[in-house]
Colleague: 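Structure provided below as structure tokens; questions to follow.
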Amino acid sequence: MAEKLRKPDYIFAASWEVCNKVGGIYTVLSTQAKTLQQKTKATVIYIGPDLSRESENPLFEEDNNLYAAWQNDVWERDGLAVRIGRWKIPGSPIAFLVDSQPYYPMRNWIYGKAWELFGVDSLHGYGDYDEASMFSFAAAMAVKSFYNYYLTEKNTVVYHAHEWMTGLGALFLKFYIPDIATVFTTHATSIGRSIAGNNKPLYDYFEGYHGDQMAYELNMEAKHSIEKQTAHHVDCFTTVSDITARECRQLLDKEPDVVTVNGFENDFVPSAKDFGSRRKVARKRLLTVANQLTGSDWKDDTVIIGIGGRYELRNKGIDMFIESLRLLRDDERVRGHHVLAFINVPGWMFAHRLDLQERLKKNRRPKSALMQPVLTHWLHNTDSDQVLGMLASRGLDNGPQDDVHVIFVPCYLNGSDGIFNMGYYDLLIGQDLAVYPSYYEPWGYTPLESSAFHVPTVTTDLAGFGIWVNSVVGKYAELKDGVKVVHRTDSNWNEAASEIRDTMVGWLLADDKSRDAMRDASAALAEKALWRHFVAYYEQAYRIAVEKVWKKI
């Protein structure tokens, strides 16, 4: 009996990013679902916020036949609205979208009880704290109701809470139904991210930071408290990389039980048969937009380099990417080569440029550059935008004499942006290099995705992905290994930027055979990060949690 209980029958995974495409956690969950279901053989149910409520969610397909009796009961008995259906991702897992509005009137009681039971300090909560906490509580109450309706202590059940936004629910579920094994994953500590985001030196003085003290200084007490208390009280605590595990030890005073390394699925990577044609289409579109914007006529021998991800100038290394491009522009070795760099980072976009759109429709060779020839979409905050400001300060203005041009694409590349009208991955395949010189990056999906698309990639040893690459290669990886890992600290800005510049020069000077070898090596590295290799860490976490609960019974 005990051995049977070590394998979960039901796995509930709660996250703010279930059926809600916000950031990296969406990628984690949406790519793992198919493999997790296949490997564990459990009924896997994802729980997310019902943000659209009555309107249609394009990522969610409602199914009124799934658990229909309970769905009516949970509303009539508990006053909790739960929409049930399928998350439209590979594996089509079951998804519950919960409406947290009914719990807002009782949030003071909820916070008081959390303090009484678990020492969670919600007194200083602000911003998105209430919204996240009420969703977290609603998700837990939905699982509590489902358990009492369908399941018994004979069923082995795991509740997996992702990030601080779902910690409160995990704690309450542990209180209400202790037979449910609880797992909590922090994808980035709130304090570590806040220290980095406030331009403080996270690494040079790392051993001197105390999580509670920094939470007080940075006005992060509520988020830090729920994260810390959840990590200490759940049956199994995990994080996503060795570098974040170090943060947990220092800032949360808690050693993770398991490092659940992030994987991905490569279903979206074109087959070998289609790869070449898809790459040609992407390059043509990238070059066409750039030429019409800048008044150039660069051909297919142009080297296309890109960075993407969230708009975090320092944390994501966008600032260092721009600096390395300045160094590249001023380097004599680049003469006679053409380099086109794209910064694909969604900003405060106002609208796509009608003048650029009109040029693209006419598709004539441009005689001159458009106004603001570094920008594809207008911004609300053009005068104060950080990327535009840094490009201007470095003189990266796409002058006709420059061998290096930079294009800022401040929108989501979803296929209908008005300029490219192609998805992010459909354009990524057209790049020659990808550069992500992150300062704070618990894992790093963007470099992993680039590698999967056969794009040799630069990252740093401050990113979980970079550390993993070094562990696979057995040394500091070079571009010939498929991924270049740059050593980065709080105090080696110039050296790191110069190393990135030199890496880009190395690509420019490489012959076709060497470039092809680097592309193949990059894809081979990415293959080692597929979920079929990494889902075992999740199975280990669930086994630890279930066995801990079983010992208490």
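Atom set for the values below is all heavy atoms of this structure, side chains included, hydrogens, waters and symmetry mates excluded.
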Colleague: Only counting residues at least two apart or in another chain, list the ones meeting side chain to side chain contact (heavy atoms under 4.5 Å, CB included) with Ser384.
Modeller: Asn381
Colleague: Is Glu61 salt-bridged to Lys88, going by a charged N under 4.0 Å from an acidic O?
Modeller: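 Lys88 and Glu61: not salt-bridged.
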Colleague: Are any side-chain N or O atoms of Asn57 and backbone N or O atoms of Cys19, one a donor and one an acceptor, separated by less than 3.5 Å?
Modeller: yes
Colleague: Taking the basic N atoms (NZ, or NE/NH1/NH2) and the acidic carboxylate oxygens, is any pair closer than 4.0 Å for Asp331 and Arg333?
Modeller: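 Yes.
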Colleague: Between Asn262 and Trp443, is there a donor-acceptor pair closer than 3.5 Å when you use the side chain of the first and the backbone of the second?
Modeller: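 Looks like no, no N/O pair under 3.5 Å.
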Colleague: Could you go through the side-chain contact (heavy atoms from CB on, under 4.5 Å) check for Leu391 and Ile322 one step at a time?
Modeller: CA-CA 7 Å; Leu391 289 174; Ile322 293 173; 3.9 Å; yes
Colleague: Is any side-chain heavy atom of Leu396 closer than 4.5 Å to a side-chain heavy atom of Val374?
Modeller: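 No, every pair of side-chain atoms sits at 4.5 Å or beyond.
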Colleague: If you draw a 6.0 Å radius around NZ in Lys34, do more than 12 non-hydrogen atoms from other residues or ligands fall strictly inside?
Modeller: no
Colleague: Taking everything shown except Lys362 itself, do over 12 heavy atoms lie less than 6.0 Å from its NZ?
Modeller: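 Open.
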Colleague: How many angstroms lie between CG in Asp520 and CG in Leu525, if you round to the nearest 0.5 Å?
Modeller: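 The distance works out to 12.0 Å.
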Colleague: Can you name the ring pair (Phe, Tyr, Trp, His ring centres under 6.0 Å) partners of Trp16, sequence neighbours left out?
Modeller: Phe135
Colleague: For residues Leu433 and Val458, determine if any side-chain heavy atom of one lies less than 4.5 Å from a side-chain heavy atom of the other.
Modeller: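 Heavy-atom side-chain distance check fails, nothing below 4.5 Å.
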Colleague: Report yes if some heavy atom in the side chain of Pro270 is under 4.5 Å from a heavy atom in the side chain of Ile429; otherwise report no.
Modeller: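 Answer yes - side chains close enough.
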Colleague: Could you check whether any side-chain N or O of Thr189 sits under 3.5 Å from a backbone N or O of Cys248, counting only pairs where one atom can act as donor and the other as acceptor?
Modeller: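 Looks like no, no N/O pair under 3.5 Å.
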Colleague: Between Arg310 and Glu312, is the closest basic N to carboxylate O distance under 4.0 Å?
Modeller: yes
Colleague: How close do Ala33 and Ile89 get, heavy atom to heavy atom, and via which atoms?
Modeller: CB-CD1, 3.8 Å
Colleague: Return yes if some donor-acceptor pair links the side-chain N/O of Arg329 with the main-chain N/O of Arg394 below 3.5 Å, else return no.
Modeller: yes
Colleague: Answer whether the closest heavy-atom distance between the side chains of Leu327 and Ser498 falls below 4.5 Å.
Modeller: yes
Colleague: What distance separates Leu388 CG from Gln386 CD, expressed to the nearest 0.5 Å?
Modeller: 10.5 Å
Colleague: Has the side chain of Thr239 got a donor or acceptor atom that lies under 3.5 Å from a matching backbone atom of Ser241?
Modeller: no
Colleague: Counting C-beta onward and ignoring hydrogens, is there a side-chain heavy-atom pair between Arg519 and Ser522 closer than 4.5 Å?
Modeller: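 The answer is no, as the side chains (C-beta and beyond) never meet within the 4.5 Å cut-off.
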Colleague: Is there a donor-acceptor contact under 3.5 Å from the side chain of Thr457 to the main chain of Val455?
Modeller: yes
Colleague: Dump the intermediate steps for side-chain contact (heavy atoms from CB on, under 4.5 Å) on Asp355 and Met371, then the final yes or no.
Modeller: CA-CA 9 Å; Asp355 54 353; Met371 176 180 63; 5.5 Å; no
Colleague: Looking at the rings of Tyr439 and Tyr203, which for Trp means the six-membered one, are their centres under 6.0 Å apart?
Modeller: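 Centroid separation for Tyr439 and Tyr203: below 6.0 Å.
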Colleague: With sequence neighbours excluded, what pairs up with Phe206 under the side chain to side chain contact (heavy atoms under 4.5 Å, CB included) test?
Modeller: Leu202, Arg246, Glu247, Gln250
Colleague: Does Asp274 offer a backbone N or O that forms a donor-acceptor pair with the side chain of Ser277 under 3.5 Å?
Modeller: yes
Colleague: Going from CZ on Arg285 to CE on Met422, what distance comes out if it is rounded to the nearest 0.5 angstrom?
Modeller: 8.0 Å
Colleague: Please tell me whether Phe264 and Tyr445 form a close aromatic pair, meaning their ring centres lie under 6.0 Å apart.
Modeller: no
Colleague: Can you confirm whether Asp511 is buried at CG, in the sense that more than 12 heavy atoms of other residues, nucleotides or ligands lie under 6.0 Å from that atom?
Modeller: yes
Colleague: Quick check: are there more than 12 heavy atoms from other residues, nucleotides or ligands sitting under 6.0 Å from CZ of Phe350?
Modeller: no
Colleague: Should the heavy atoms of other residues, nucleotides or ligands under 6.0 Å from CG of Asp297 be counted, would the total exceed 12?
Modeller: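 Buried by this count: over 12 neighbours within 6.0 Å.
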Colleague: Looking at residues at least two apart in the chain, or sitting in another chain, which of them share a salt bridge (Lys or Arg N to Asp or Glu O under 4.0 Å) with Arg278?
Modeller: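 Applying salt bridge (Lys or Arg N to Asp or Glu O under 4.0 Å) to Arg278 gives Asp426.
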Colleague: Looking at Tyr311, I'd like to know if its OH atom is crowded, meaning that more than 12 non-hydrogen atoms belonging to other residues, nucleotides or ligands lie closer than 6.0 Å.
Modeller: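 Yes, because the 6.0 Å sphere around OH of Tyr311 holds more than 12 heavy atoms from other groups.
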Colleague: List the steps and the verdict of side-chain contact (heavy atoms from CB on, under 4.5 Å) for Leu413 and Cys411.
Modeller: CA-CA 6 Å; Leu413 291 167; Cys411 71; 4.2 Å; yes
Colleague: When rounded to the nearest 0.5 angstrom, what is the spacing between CG in Leu509 and CE in Met504?
Modeller: 12.5 Å
Colleague: Decide if atom CZ of Phe268 counts as having more than 12 heavy atoms of other residues, nucleotides or ligands within a radius under 6.0 Å.
Modeller: yes
Colleague: When you check the gap from the basic side-chain N to the acidic O, do Glu441 and Arg488 get nearer than 4.0 Å?
Modeller: no
Colleague: Is it true that Thr31 and Trp531 share a donor-acceptor pair across their side chains at a distance under 3.5 Å?
Modeller: yes
Colleague: Determine yes or no for a side-chain-to-main-chain donor-acceptor pair under 3.5 angstrom, with Lys223 supplying the side chain and Tyr129 the backbone.
Modeller: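 Here the side-chain-to-backbone pair does not exist.
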Colleague: Should the ring pair Tyr538 and His160 be called parallel, tilted or perpendicular, given that the plane angle runs from 0 to 90° and is split at 30 and 60?
Modeller: tilted
Colleague: Would you compute the distance between atom NE2 of His162 and atom CD1 of Ile25 and round it to the nearest 0.5 angstrom?
Modeller: 8.0 Å
Colleague: Output yes when a side-chain donor or acceptor of Asp432 lies under 3.5 Å from a complementary backbone atom of Ile305, and no otherwise.
Modeller: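 Looks like no, no N/O pair under 3.5 Å.
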Colleague: Compute whether any side-chain donor of one residue and acceptor of the other, for Tyr537 and Thr238, lie under 3.5 angstrom apart.
Modeller: no
Colleague: What I want to check is whether the side chains of Asn492 and His487 have a donor and an acceptor closer together than 3.5 Å.
Modeller: no
Colleague: Could you give the side-chain donor-acceptor pairs of residues 288-295 under 3.5 Å, partners two or more places apart or in another chain?
Modeller:
from	atom 1	to	atom 2	distance (Å)
Thr288	OG1	Lys284	O	2.7
Asn291	OD1	Trp298	N	3.1
Asn291	ND2	Leu287	O	3.3
Asn291	ND2	Trp298	O	3.1
Gln292	NE2	Arg364	O	2.8
Thr294	OG1	Ala290	O	2.8
Thr294	OG1	Ser296	OG	2.9

Colleague: Quick check against the 3.5 Å criterion: does Glu227 have a side-chain atom that pairs as donor or acceptor with the backbone of Ser190?
Modeller: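 Checking the backbone N and O of Ser190 against the side chain of Glu227, a donor-acceptor pair under 3.5 Å is found.
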Colleague: Indicate whether any N or O donor in one side chain lies under 3.5 Å from an N or O acceptor in the other, for Ser450 and Gln431.
Modeller: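 Gln431 and Ser450 do not have a side-chain donor-acceptor pair below 3.5 Å.
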Colleague: I'd like to know whether Arg283 forms a salt bridge (charged side-chain N to carboxylate O under 4.0 Å, His left out) with Asp300, so could you lay out the CA-CA distance, the side-chain angles of the two residues, the decisive distance to 0.1 Å, and finally the verdict.
Modeller: CA-CA 7 Å; Arg283 289 184 65 80; Asp300 196 50; 2.9 Å; yes
Colleague: Side chains of residues 337-345: which donor-acceptor partners sit under 3.5 Å, not counting sequence neighbours?
Modeller:
none

Colleague: For a 4.5 angstrom cut-off between non-hydrogen side-chain atoms, does Asp417 reach Thr376?
Modeller: no
Colleague: Measuring from Lys484:NZ to Met518:CE, what's the distance to the nearest 0.5 Å?
Modeller: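 That separation rounds to 12.0 Å.
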Colleague: Would you say that Ser438 contacts Phe465 through its side chain, given a criterion of any heavy-atom pair below 4.5 Å between the two side chains?
Modeller: no
Colleague: Regarding Asn198 and Ser194, is there a side-chain donor-to-acceptor distance under 3.5 Å anywhere?
Modeller: yes
Colleague: So Glu527 and His533, do their side chains get closer than 4.5 Å, heavy atoms only?
Modeller: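 Heavy-atom side-chain distance check passes, below 4.5 Å.
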Colleague: Look at the aromatic rings of Phe275 and His454 and report parallel, tilted or perpendicular, splitting at 30° and 60°.
Modeller: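 Tilted, since the angle between the ring planes falls between 30° and 60°.
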